[in-house]
There are 2 protein chains.
Amino acid sequence: MQNASVFKVFFMSKAKKRSDCPVSCSLDIWGDKWSLLIIRDLMFAKECTYGDFLKSAEGIATNILAARLLVLEENKIIEKLAHPDSKAKVLYKLTRKGIDLLPVMIEINLWAEKYFSIPEDRKALLKEVKKDKAGFIKATTKELES
Amino acid sequence: MQNASVFKVFFMSKAKKRSDCPVSCSLDIWGDKWSLLIIRDLMFAKECTYGDFLKSAEGIATNILAARLLVLEENKIIEKLAHPDSKAKVLYKLTRKGIDLLPVMIEINLWAEKYFSIPEDRKALLKEVKKDKAGFIKATTKELES
DNA sequence: GTACTTACTTGCAAAATGCAAGTGTTTTTA
DNA sequence: TAAAAACACTTGCATTTTGCAAGTAAGTAC
């Protein structure tokens, strides 16, 4: 199914684009309750296995996870890597396109910090972010890039 | 139904919170394909009527629009105002909490600009943003605040 | 070789979405 | 001033997506 490239081109990658608006185009890819949590996990952990995502606090269902990972991969936000220790495991990591969502992720965190009570460790991280946002983004981007 | 305050407190405002993560909390409110488009419209237009939202390029259904507006209002992202010209019309506008999503909105636009082809007029606006991001946010925030 | 881990897939019920057609006020028009 | 139009929604119903539980197939550990 994944290798049936003709079908893939026509049906899978060709998601319906609602408009040319950049916000709309973005939401077409990751505008749901789970995708940004997957991306968050990868930003914190750099690399995750399928099982790692399932362990996250929010409790994503296995079928939803598989579906989201596929869409994110099709849209080149994440990529699959062979796990060095085992052929049974798969490593997921952010592409440059995915890493470039870091500023979005940071601003979401800063907004939420202002209006919700958030965990202390996250607060500490955001304190670092606020000290030098550009520096934080640059350093983290470098670290996430292989 | 909207005035049955006991029910409202128990069932409507008490949306299920999946975790304490700021990203998760944010997505619980506006993590869908439509909410950020409503917020986008309000950031561009400052105030919108119900009909204005329906006119947007993406074509939101009337029932979905009503549902999203209610959630955004319950979560104090937007507020309803009486229209100065007519009792038949309702004006929606962003609260401070909603206006504070401007940095998120900007970063989404900048990300999308890098990876999609976007309309020229939006490109021009983003050029302004990049010239002085903090200044743009400050000025726009001031303008959106009544 | 048997049991376990890992990354998924499948089936089905429940919820959300989308479409078309109302409904009840206000406002405009004749 | 009565009828038509505008406006902000609701409602009913079909389709799609989500969520849960239970598989399955390949790889690993003992």
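Here is the naming used below: chain letters follow the sequence lines, and residue numbers restart at 1 for every chain.
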Go along nucleotides 22-30 of chain C 5' to 3' and tag each nucleotide: B for a protein heavy atom under 4.0 Å from its base, S when only backbone or sugar atoms are that close, - otherwise. ----SS---

Scan B:F53 against the nucleic acid and name what it touches under 4.0 Å (heavy atoms): base, sugar-phosphate only, or nothing. nothing

Could you state the CD1-P distance from B:I78 to D:dA8, rounded to the nearest angstrom? 13 Å

Decide, yes or no, whether a salt bridge links B:D32 with A:K33 under the criterion of side-chain N to carboxylate O below 4.0 Å. no

Length of the line joining A:K55:NZ and C:dT6:C1', which is rounded to integer Å: 11 Å

Could you check how far CD1 of B:I38 sits from C1' of C:dT17, rounded to whole Å? 14 Å

Do the side chains of B:K89 and B:D85 get close enough for a salt bridge, i.e. N-O under 4.0 angstrom? no

So does B:Y92 get a side-chain nitrogen or oxygen closer than 4.0 Å to the phosphate oxygens (OP1/OP2) of D:dC7? no

Pairwise N/O distances under 3.5 Å, protein to nucleotides 15-18 of chain D:
unit_1: D:dT18; atom_1: OP1; unit_2: A:R68; atom_2: NH2; d: 3.0
unit_1: D:dT18; atom_1: OP2; unit_2: A:R68; atom_2: NH2; d: 2.5

Is the NZ or CZ atom of A:R18 both under 6.0 Å from the centre of the six-membered ring of B:W34 and within 45° of that ring's axis? yes

Do A:Y92 and A:D52 get their side chains close enough for a donor-acceptor pair, meaning under 3.5 Å? no

Let me know the distance between CG of A:L70 and P of C:dA7, rounded to the nearest Å. 16 Å

On DNA chain D, nearest-nucleotide positions of A:G59 versus B:D52: which is more 5'? B:D52

Value in whole Å for how far the C1' atom of C:dA16 lies from CG of B:D28: 15 Å

Mark yes or no for whether A:W111, through its side chain, and A:I106, through its backbone, hold a donor-acceptor pair below 3.5 Å. no

Please name the pair of heavy atoms, one in A:L101 and one in A:M43, separated by the smallest distance, quoted to 0.1 Å. C-CE, 3.5 Å

Of the candidate nucleotides D:dC20, C:dA7, C:dT9, which contains the atom at the shortest distance from the side chain of A:A61? D:dC20

Give me the other members of the hydrophobic cluster that A:L91 sits in, counting Ile, Leu, Val, Met, Phe, Trp and Tyr linked by side-chain heavy atoms under 4.5 Å, directly or via other members. A:L81

Which listed nucleotide (C:dA7, C:dT9, D:dA8) is nearest to the side chain of B:V90? D:dA8

In short, A:K76 meets A:T95 closest at the heavy-atom pair O-OG1, 2.5 Å

In whole Å, I'd like the distance from the CG atom of B:L54 to the C1' atom of D:dA6. 13 Å

Nearest-angstrom distance from the residue atom CG of A:L65 to C1' of D:dC20: 15 Å

Does this structure show an ion pair linking A:K130 with A:E113, if we count only N-O contacts that are shorter than 4.0 Å? yes

Provide, to the nearest angstrom, the distance between the CD atom belonging to A:E47 and the P atom belonging to C:dT6. 16 Å

